[in-house]
**Student:** 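Once you've had a glance at the structure underneath, I'll fire off some questions.
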Amino acid sequence: MSQQEVEQELYVDQYTLGLVGPDQEWAGTVADGGTIRTYTPPGCWGPMITPDFRGGHEVTRPIRVEGASVGDAIALRIRDVEVTSMATSTGSMAEREDAFGDDPFVDHRCPECGTEWPESVVEGTGEDAIKCAECGANASSFGFEYGYTVAFDEDHEMGITLDGDAAHELATDAAEVMDIPENSRQHPILLYEPDEMPGTLGRLRPFIGNVGTTPPVTLPDSHNAGDFGQFLVGAEHDYGIETQDDLEARTDGHMDVPEVRAGSTLICPVKVDGGGVYVGDLHANQGDGELSLHTTDVSGTVTMDVEVIEALELGGPLLLPNEADLPFISRPYSDDEREFGRELAADHGVDLKEDMGPIQVIGSGETINDATQNAFDRATDLLEMSEGEVRSRCTFTGGVQIGRLPGVVQLDLLAPMDVLEDRGIDHLVREQYDL
């Protein structure tokens, strides 16, 4: 499809080989106000064990949004996230040091013949199943330190971890059970058939782990964030960068924030003309922090509407979660609370600043503290407030939540609506929270 053809509704089921950046082939162009529908394979584990991938995810080709220019922003109203896998495997990882150079997610090489990013074939099941097509050696960079297999119910409301026999049965039909899309190039992680922690029940709530806009430099898709991006600084492989400052080109698409789910709105910076929206790394569930660094990676579909916000220069994403996902003190005030506030303000002779709306500023960095400072910096630029005022508002009407360890956070606060109006996003906040 030519990038000049503007579609009101664009369906995407073509993927990159683990990279995001301006040199990736466009999937097409969607109208400002149009709808994007995607069908994506699992992130993380599948690409991690497939040695010809250049990054740890398999995301869609970038999508051009009509009229989006550098210095604008794109609002993504996430209407639906549907899981299509019936099972997955996950856990904490162990690295096979002979199978990579600087970075096990990026710099793959066969431990026997030395072929870089080797083509691979599958022979049997288990952690030795991924073989170098050149020499037949186990070519995967990763195994499990502690791993488990999860099967889902048909409605994807719950998951149960399996024993060895059940995990092996699913491994023999791994691609079908995980619903690996036809155009995907990853090996399904169910092949590894891990079986620890059997019989454990978990609630599911799907969300998108990696979604956003294209950075102006080529990055491994899993490293488009301030924490994972640290591994690129000084790296000698093809995607290494020289200094910490080079990471400012990131767009923080890799957030792993569970609140990026159906019903939320994500506002993303535009750093290349057209925006280059991409989607991937769907998760069936995840606790805050993604404490084992990986969770339940799944195939699935996403539907979202797009809107260009002109001249909204952002350092990174803003999130408007579902109201139920907001911390208690960050939720919009009810009519009764507003009336109580007016009476309290009158008792003390002050004017009530009652027109406020919730926002979450995403920050990322090498550590949680660095990520929080990054969020403060982005919030002060967005709201044109001192850091002291931002910290105070976040303390009194917000807080900070951990998206992913080691370094992605959501900075919550109730922001004055007149400031949001000046930035051109008050309508998004009013719509999101029925204000």
**Student:** Treating Arg250 as the side-chain partner and Ala225 as the backbone partner, does any N or O pair qualify as donor plus acceptor under 3.5 Å?
**Tutor:**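 Such a contact is absent between Arg250 side chain and Ala225 backbone.
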**Student:** Taking atom types as modelled, is there a side-chain donor on Ser184 or Glu58 under 3.5 Å from an acceptor on the other?
**Tutor:**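 Glu58 and Ser184 do have a side-chain donor-acceptor pair below 3.5 Å.
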**Student:** With sequence neighbours left out, write down each residue that passes side chain to side chain donor-acceptor pair (under 3.5 Å) with Thr218, or none if nothing qualifies.
**Tutor:**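 With sequence neighbours excluded, Thr218 shows a side chain to side chain donor-acceptor pair (under 3.5 Å) to Asp23, given in chain and number order.
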**Student:** Verify whether one side chain among Asp297 and Thr88 offers a donor that lies under 3.5 Å from an acceptor in the other.
**Tutor:**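 Looking only at side-chain atoms, Thr88 and Asp297 do not form any donor-acceptor pair under 3.5 Å.
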**Student:** What residues form a side chain to side chain donor-acceptor pair (under 3.5 Å) with Gln244, not counting sequence neighbours?
**Tutor:**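 By the side chain to side chain donor-acceptor pair (under 3.5 Å) rule, Gln244 matches no residue at all.
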**Student:** Answer yes or no: are there more than 12 heavy-atom neighbours, outside Phe396 itself, under 6.0 Å from its atom CZ?
**Tutor:**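 Counting other residues, nucleotides and ligands, CZ of Phe396 stays at 12 neighbours or fewer.
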**Student:** Considering non-hydrogen atoms only, spot the tightest contact between Thr265 and Ala75 and give its length.
**Tutor:**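 Reported closest heavy-atom pair: CG2-CB, 4.4 Å.
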**Student:** Keeping Thr16 on the side-chain end and Leu19 on the backbone end, is there a donor-acceptor pair under 3.5 Å?
**Tutor:**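 Indeed, once roles are kept as given, a pair shorter than 3.5 Å links the two residues.
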**Student:** Specify the closest pair of heavy atoms between Val272 and Pro215, including all atoms of both residues, with the distance to one decimal.
**Tutor:**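 Reported closest heavy-atom pair: CG1-O, 3.8 Å.
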**Student:** Pairs in or reaching into residues 103-112: which pass salt bridge (charged side-chain N to carboxylate O under 4.0 Å, His left out), with residues at least two apart or in two chains?
**Tutor:**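 Sorted pair list: Asp107-Arg109.
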**Student:** Quick test of your reading: applying ring-ring contact (aromatic ring centres under 6.0 Å, His included), list the pairs with at least one residue in residues 65-102, sequence neighbours left out, ordered by first then second residue.
**Tutor:**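 Residue pairs passing ring-ring contact (aromatic ring centres under 6.0 Å, His included), neighbours aside: none found.
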**Student:** Applying side chain to side chain donor-acceptor pair (under 3.5 Å), which residue pairs with at least one partner in residues 151-178 are found, sequence neighbours left out?
**Tutor:**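 Applying side chain to side chain donor-acceptor pair (under 3.5 Å) to every pair that reaches into residues 151-178, excluding sequence neighbours, yields His168-Glu193.
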**Student:** Could you walk me through whether Val59 and Val279 satisfy the side-chain contact (heavy atoms from CB on, under 4.5 Å) test, starting with their C-alpha distance in whole Å, then the side-chain angles of each, then the deciding distance to 0.1 Å, before giving a yes or no?
**Tutor:** CA-CA 5 Å; Val59 300; Val279 181; over 6 Å; no
**Student:** Any sub-3.5 Å donor-acceptor pair from Glu25's side-chain atoms to Arg61's backbone N or O?
**Tutor:**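 The answer is no, because no donor-acceptor pair under 3.5 Å joins these two groups.
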**Student:** Under a 3.5 Å threshold, yes or no: a donor from one side chain and an acceptor from the other, between Thr200 and Tyr148?
**Tutor:**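 Looking only at side-chain atoms, Tyr148 and Thr200 do not form any donor-acceptor pair under 3.5 Å.
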**Student:** Check Thr214, Thr251, Thr213 against Asn224 for a side-chain hydrogen bond (donor to acceptor under 3.5 Å, both in side chains) and give me the one that passes.
**Tutor:**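 Only match with Asn224 under side-chain hydrogen bond (donor to acceptor under 3.5 Å, both in side chains): Thr251.
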**Student:** Ignoring hydrogens and angles, tell me if any N or O in the side chain of Thr38 forms a donor-acceptor pair with the backbone of Thr40 under 3.5 Å.
**Tutor:**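 Not confirmed, Thr38 side chain does not pair with Thr40 backbone.
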**Student:** Determine the minimum heavy-atom distance between Leu282 and Thr301, stating which atoms define it.
**Tutor:**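 In this case the closest contact between Leu282 and Thr301 is CD2-N, 4.0 Å.
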**Student:** What's the shortest heavy-atom distance between Pro104 and His108, and which atoms?
**Tutor:**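 Shortest heavy-atom contact: O-NE2, 2.8 Å.
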**Student:** Would you find a donor on one side and an acceptor on the other, under 3.5 Å apart, between the side chain of Ser222 and the backbone of His57?
**Tutor:**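 Flag not set: sc Ser222 to bb His57 has no pair under 3.5 Å.
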**Student:** Before giving the answer on side-chain hydrogen bond (donor to acceptor under 3.5 Å, both in side chains), spell out for Ser364 and Asp252 the whole-Å C-alpha distance, their side-chain angles and the decisive distance to 0.1 Å.
**Tutor:** CA-CA 7 Å; Ser364 72; Asp252 278 350; 2.8 Å; yes
**Student:** Run Glu313 and Lys271 through side-chain contact (heavy atoms from CB on, under 4.5 Å) and show every step you take.
**Tutor:** CA-CA 9 Å; Glu313 292 197 22; Lys271 297 191 177 185; over 6 Å; no
**Student:** Quick check: do Arg393 and Met385 have side-chain heavy atoms less than 4.5 Å from each other?
**Tutor:**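 Result yes, sub-4.5 Å side-chain heavy-atom pair found.
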**Student:** Is any side-chain heavy atom of Val106 closer than 4.5 Å to a side-chain heavy atom of His223?
**Tutor:**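 A side-chain contact under 4.5 Å exists here.
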**Student:** Would a distance-only check, ignoring hydrogens and angles, find a side-chain to backbone donor-acceptor pair under 3.5 Å from Arg96 to Ser140?
**Tutor:**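 Between the backbone of Ser140 and the side chain of Arg96 there is a qualifying donor-acceptor contact (under 3.5 Å).
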**Student:** Assess whether side-chain hydrogen bond (donor to acceptor under 3.5 Å, both in side chains) is satisfied between Asn322 and Ser264, documenting all intermediate values.
**Tutor:** CA-CA 5 Å; Asn322 289 284; Ser264 67; 5.1 Å; no
**Student:** Could you note down all residue pairs passing side chain to side chain donor-acceptor pair (under 3.5 Å) where residues 394-403 supplies at least one of them, sequence neighbours left out?
**Tutor:**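 Pairs touching residues 394-403 that pass the test: Gln401-Asp412.
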**Student:** Between Ser299 and Met178 (side chain of the first, backbone of the second, donor and acceptor by atom type, cut-off under 3.5 Å), is there such a pair?
**Tutor:**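 Side chain of Ser299 to backbone of Met178: a pair is present.
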**Student:** Kindly indicate, with the supporting measurements, whether the criterion side-chain contact (heavy atoms from CB on, under 4.5 Å) is fulfilled by Ile402 and Val408.
**Tutor:** CA-CA 6 Å; Ile402 298 174; Val408 176; over 6 Å; no
**Student:** Can a donor-acceptor pair be found, under 3.5 Å and without considering hydrogens, that links the side chain of Thr125 to the backbone of Ala171?
**Tutor:**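 Looks like no, no N/O pair under 3.5 Å.
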**Student:** Is it true that atom CZ of Phe144 has more than 12 heavy atoms of other residues, nucleotides or ligands lying nearer than 6.0 Å?
**Tutor:**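 Buried by this count: over 12 neighbours within 6.0 Å.
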**Student:** Can you list everything that forms a side chain to side chain donor-acceptor pair (under 3.5 Å) with Thr296? Sequence neighbours excluded, please.
**Tutor:**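 Side chain to side chain donor-acceptor pair (under 3.5 Å) list for Thr296, sorted by chain: Asn285.
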**Student:** Is the backbone of Gly67 close enough, under 3.5 Å, to the side chain of Asp32 for a donor and an acceptor to pair up by distance?
**Tutor:**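 Not confirmed, Asp32 side chain does not pair with Gly67 backbone.
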**Student:** Please check: side-chain N/O of Asn210 versus main-chain N/O of Asp281, any donor-acceptor pairing under 3.5 Å?
**Tutor:**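 Flag not set: sc Asn210 to bb Asp281 has no pair under 3.5 Å.
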**Student:** With sequence neighbours left out, write down each residue that passes ring pair (Phe, Tyr, Trp, His ring centres under 6.0 Å) with Tyr15, or none if nothing qualifies.
**Tutor:**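 So Tyr15 forms no ring pair (Phe, Tyr, Trp, His ring centres under 6.0 Å) with any residue.
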**Student:** Specify the closest pair of heavy atoms between Val298 and Phe152, including all atoms of both residues, with the distance to one decimal.
**Tutor:**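 It is CG1-CE1, 3.6 Å.
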**Student:** Quick check: do Gln410 and Leu319 have side-chain heavy atoms less than 4.5 Å from each other?
**Tutor:**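 Answer yes - side chains close enough.
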**Student:** Show, in sequence, the C-alpha distance, side-chain angles and deciding distance for His427 and Glu307, and conclude whether the side-chain hydrogen bond (donor to acceptor under 3.5 Å, both in side chains) test is met.
**Tutor:** CA-CA 12 Å; His427 68 291; Glu307 178 185 345; 2.8 Å; yes
**Student:** With Phe376, which residues qualify under ring pair (Phe, Tyr, Trp, His ring centres under 6.0 Å), at least two apart?
**Tutor:**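 Scan of Phe376 (ring pair (Phe, Tyr, Trp, His ring centres under 6.0 Å), adjacent residues dropped) gives none.
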**Student:** Which is it for Glu95 and Phe142 under the side-chain contact (heavy atoms from CB on, under 4.5 Å) test, yes or no, and what are the steps along the way?
**Tutor:** CA-CA 5 Å; Glu95 300 171 359; Phe142 292 99; 4.0 Å; yes
**Student:** How far apart are the closest heavy atoms of Leu326 and Ser330, and which atoms are they?
**Tutor:**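 Closest approach of Leu326 to Ser330, heavy atoms only: CD1-O, 4.0 Å.
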**Student:** Ignoring hydrogens and geometry beyond distance, is a side-chain donor-acceptor pair present between Asp179 and Ser85 at under 3.5 Å?
**Tutor:**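 Their side chains do not contain a donor-acceptor pair, so the 3.5 Å distance test is not met.
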**Student:** Under the side chain to side chain donor-acceptor pair (under 3.5 Å) test, which residues partner Asp256, sequence neighbours left out?
**Tutor:**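 Per chain and number, Asp256 pairs via side chain to side chain donor-acceptor pair (under 3.5 Å) with His254, Arg404.
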**Student:** Answer with yes or no whether the side chains of Asn369 and Thr372 bring together a donor and an acceptor at under 3.5 Å.
**Tutor:**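 No, no side-chain donor-acceptor pair sits under 3.5 Å.
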**Student:** Between Gln373 and Asp377, is there a side-chain donor-acceptor contact under 3.5 Å, judged purely by atom types and distance?
**Tutor:**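 Note: Asp377 and Gln373 side chains meet the donor-acceptor criterion.
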**Student:** As a test of understanding, state which of Leu318, Val429, Ile74, Ile359 forms a side chain to side chain contact (heavy atoms under 4.5 Å, CB included) with Ile267.
**Tutor:**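 It is Leu318; the other options fail the test.
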**Student:** For the residue pair Asn183 and Tyr39, confirm or rule out a side-chain donor-acceptor distance under 3.5 Å.
**Tutor:**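 Absent: no donor and acceptor within the cut-off.
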**Student:** Just by distance, with hydrogens left out, do Thr303 and Asp80 show a side-chain donor and acceptor under 3.5 Å apart?
**Tutor:**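 The answer is no; no qualifying pair exists.
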**Student:** Side-chain donor-acceptor pairs under 3.5 Å in residues 42-54, sequence neighbours left out?
**Tutor:**
residue	atom	partner	partner atom	Å
Trp45	NE1	Thr90	OG1	3.3
Thr50	OG1	Gly46	O	2.7
Thr50	OG1	His187	N	2.8
Arg54	NH1	Asp52	O	2.7

**Student:** With sequence neighbours left out, write down each residue that passes salt bridge (Lys or Arg N to Asp or Glu O under 4.0 Å) with Arg185, or none if nothing qualifies.
**Tutor:**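 Partners of Arg185 under the salt bridge (Lys or Arg N to Asp or Glu O under 4.0 Å) test: none.
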